[in-house]
Amino acid sequence: MLKIQGVHTFYGQIEALKGVDLEIKQGEIVTLIGANGAGKSTLLMTVFGKPKARHGRILYEGRDLTRVPTHEIVRLGIAQSPEGRRIFARMTVFENLQMGALCTDGSTFDEDVRMVFDLFPRLEERRTQRGGTLSGGEQQMLAIGRALMSKPRLLLLDEPSLGLAPLVVRQIFDIIKKINQAGVTVFLVEQNAFHALKLAHRGYVMVNGVITMSGTGKELLDNPEIRAAYLEGGHA
Amino acid sequence: MSEMTTSHKAASASAVSVIARDTLLTAVVALVLAVPFIGLKSDSVGTALTLVTRWPLMLAMVGAVAAGRVLVSLWRLRSAAKAQRATAHTAAGDAKASLAAWGNSHMKAIGFAGFALAVVLPFLPFSNRYVVDIGTTFLIYVMLGWGLNIVVGLAGLLDLGYVAFYAVGAYTYALISTQAGWSFWVCLPLAGTFAAMFGLMLGFPVLRLRGDYLAIVTLGFGEIIRVILMNWVDFTKGPDGVSGIPRPSFFGAPFSRSAPEGVTTFSDLLGIEYSSMHRVVFLYFLILALAAITNLFTLRMRKLPTGRAWEALREDEIACRSLGINPTNVKLSAFALGAMFAGFAGAFFATRQGFVSPESFTFMESAIILAIVVLGGMGSQLGVVLAAFALVVLPEWFREFEQYRMFLFGAAMVAIMVVKPTGVMGHREPTIRLHPVGKSKKPEAAR
């Protein structure tokens, strides 16, 4: 579904991605784990064309995304829940969801809202509340819900567990599984390697802008190197 | 019991020391400022310049500032204690919340009442030419405030050169009507179109700028337009301005005592006696209609995707991109539409004055319009009206106190910063109201 081939991305002179190859197949949950500054978020942003890949190709259903303007990409059926959630703090929950549906024709809006509220009953309780007054977990739910409003076939999630309590993280990951079972392919970028690998069908490990390892979620979880690098010291 | 009184005493003792410290600091700052400003005064005796000292006056002023600081501290202390009590007694909190809720749910009613008042104003017994003239000026600023509100309040693009578009609109009408003789009603849309084009012209180069940098460029743009109007003498008549701009007619019927052959005057058309008030009242209703259109347009826009995108862009540009919003189009549309309304207002200004010159479009005008938007609370339509009233009508009313105007402006600014830092109506209204699930009443209190 999404094929990333030899992608190099630069911030000015600094090469953040040094030739990344990665593939996501229809219906999968694929996770990308790695330490701070490895280039995980940069890869997600490169898929969305901000920053642009200097070399390499990003093929989405056979179409090269590197030539599509950022705001058009969501119309192709890819949605992103950006790092740090970035919900609209002064708008209500419901308005945030409306923003997510801005690029659709709106004909299925009511069903889509229903679907999001079924996934996140908490959001329904709070739909008249302002985004900024939600708790961190609720804001993350809103960010994911907002991304789902564009009816994506591929959902990119950038660190949905960032800054959340372990219990809430588990809830969010359960919901990601549900979203996937409903037919949405998920690409999950995470630092919380344990949860991410447990959930994912396949995983990639990124170090300093290069993919160093890949395999099924279970393989990577059992890999001693990965255990040492990413999983030592308490996994909630 | 005795324990409680000691803790209470300790708390009030610490409060006193805090107030004393703040007051002392304030007094010192005031003293430092007051020595050159008030304490020393240059006076010319004959041809020689002498230095006069005014220490008693200076000390009195410093004392007044210190006393003001004590009052502010006490007021803060009291409102903090009140807030504490309010959280303890939910009833008090409820009362406050329900008052706010009442204000919100009756926003529409307040707006309609204001509009109705504006419609009947010229026919009220105390209304004379002076009142209607002030009303017209007030509505010009309300309209400009609403127009700028699109750019600054909704899209969050700080524009310090808004008056440039006002000038473009005014000169468009002034030049076309005096050179080509086209009527006001033909020129009005043209003025809006030209201003919108200038809005796009400003918009393109500043697409990548935000905040302070955007403010500087827009400030420069405003000055460029004014300097061009001042110096392009062949075209704009430079500092002399354009005079003899035709007055608007009532759809072809002029407001005059007598008309040339074949033209009916307004008074003849209605079969009433000629009065010079007719034109004044007509101008008043014209700007009222223009302002109302501006308001309805903005309210409607907020519910449409473009308007919603403006607000989203103000909050988070990256999130907007990820949701498929093209920031370029959104910003340009905000600049163009905001400028368009300034253009309409400018054309109206030109026809009302009958004369335009670059002097009417200085930075001070931009500053006043921006102050109206910011004081009113960014994005609030009603706030703009209240702020325009405070900044335009009140100074006019209290002309006798002209000496103290700047002093009152300063005091009002300080008061706003202390009491309501987000503006008079700084609370963003959701564009849709929904009843929360399961609870039809009191959504906030249940939280």
Side-chain angles (χ1 to χ4, degrees), chain A residues 44-45 47-50 68-106 113 117 121-134 142-143 146-147 149-150 152 156 158, chain B residues 97 101 104-105 153-156 207-208 302-332 377-380 422-423 425-447:
Chain A
L44 274 201
M45 284 152 70
V47 171
F48 260 69
K50 263 292 150 163
V68 182
T70 301
H71 56 270
E72 289 297 332
I73 287 175
V74 67
R75 289 181 173 76
L76 302 175
I78 309 180
Q80 167 153 218
S81 155
E83 184 176 12
R85 310 189 274 260
R86 293 189 174 273
I87 55 157
F88 301 115
R90 298 224 291 165
M91 294 190 183
T92 63
V93 167
F94 194 77
E95 284 174 326
N96 266 280
L97 293 179
Q98 283 185 320
M99 290 303 304
L102 216 60
C103 63
T104 67
D105 62 3
V113 171
F117 282 161
R122 267 304 247 302
L123 293 184
E124 181 159 25
E125 288 168 29
R126 319 232 137 168
R127 63 182 179 163
T128 57
Q129 207 171 311
R130 275 157 218 277
T133 65
L134 299 177
L142 181 55
R146 187 179 64 183
M149 286 303 291
S150 66
L156 312 182
D158 199 347
Chain B
N104 284 338
S105 60
L154 294 183
L207 276 174
R208 299 154 60 96
R302 276 194 67 199
K303 295 186 180 161
L304 294 176
T306 312
R308 197 65 69 76
W310 289 339
E311 289 193 78
L313 197 73
R314 177 189 64 198
E315 304 225 343
D316 199 318
E317 192 168 335
I318 291 176
C320 279
R321 280 178 201 274
S322 84
L323 296 176
I325 295 167
N326 183 350
T328 308
N329 292 350
V330 173
K331 281 187 190 176
L332 287 180
M378 306 254 251
S380 166
T422 51
M425 309 279 293
H427 178 81
R428 180 186 172 274
E429 272 299 289
T431 48
I432 28 161
R433 303 207 148 269
L434 299 165
H435 293 292
V437 187
K439 300 158 244 155
S440 55
K441 267 189 160 183
K442 280 209 253 178
E444 306 292 311
R447 235 191 7 245

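We name chains A, B, ... by the order of the sequence lines, and we start the count at 1 in each one.
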Taking side-chain hydrogen bond (donor to acceptor under 3.5 Å, both in side chains) as the definition, give me every residue that meets it alongside E317(B), ordered by chain and number, with sequence neighbours left out.
R210(B), R321(B)
Engaged part of S150(A) at the chain B interface, taking heavy atoms whose separation is under 4.5 Å:
neither
Taking side-chain contact (heavy atoms from CB on, under 4.5 Å) as the test, write out the residues that go with L304(B), two or more places apart.
R300(B), M301(B)
Does the side chain of E311(B) come within less than 4.5 Å of E95(A)'s, by heavy atoms?
no
State the NZ-CD distance between K303(B) and Q98(A), to the nearest 0.5 angstrom.
11.0 Å
With a sphere of 6.0 Å drawn around CG of L332(B), does it hold more than 12 non-hydrogen atoms of other residues, nucleotides or ligands?
yes
Contacts of type side-chain contact (heavy atoms from CB on, under 4.5 Å), residue A319(B), not counting sequence neighbours
R86(A), F88(A), R146(A), D316(B)
Distance (rounded to the nearest 0.5 Å) between S322(B) OG and E83(A) CD:
12.5 Å
Note: P305(B) and L102(A) closest approach over all heavy atoms is CB-CD1, 3.7 Å
Within residues 71-81 of chain A, which positions have a heavy-atom distance to chain B below 4.5 Å?
H71(A), V74(A), R75(A), Q80(A)
Nearest heavy-atom approach of R90(A) to M378(B) is NH2-O, 4.3 Å
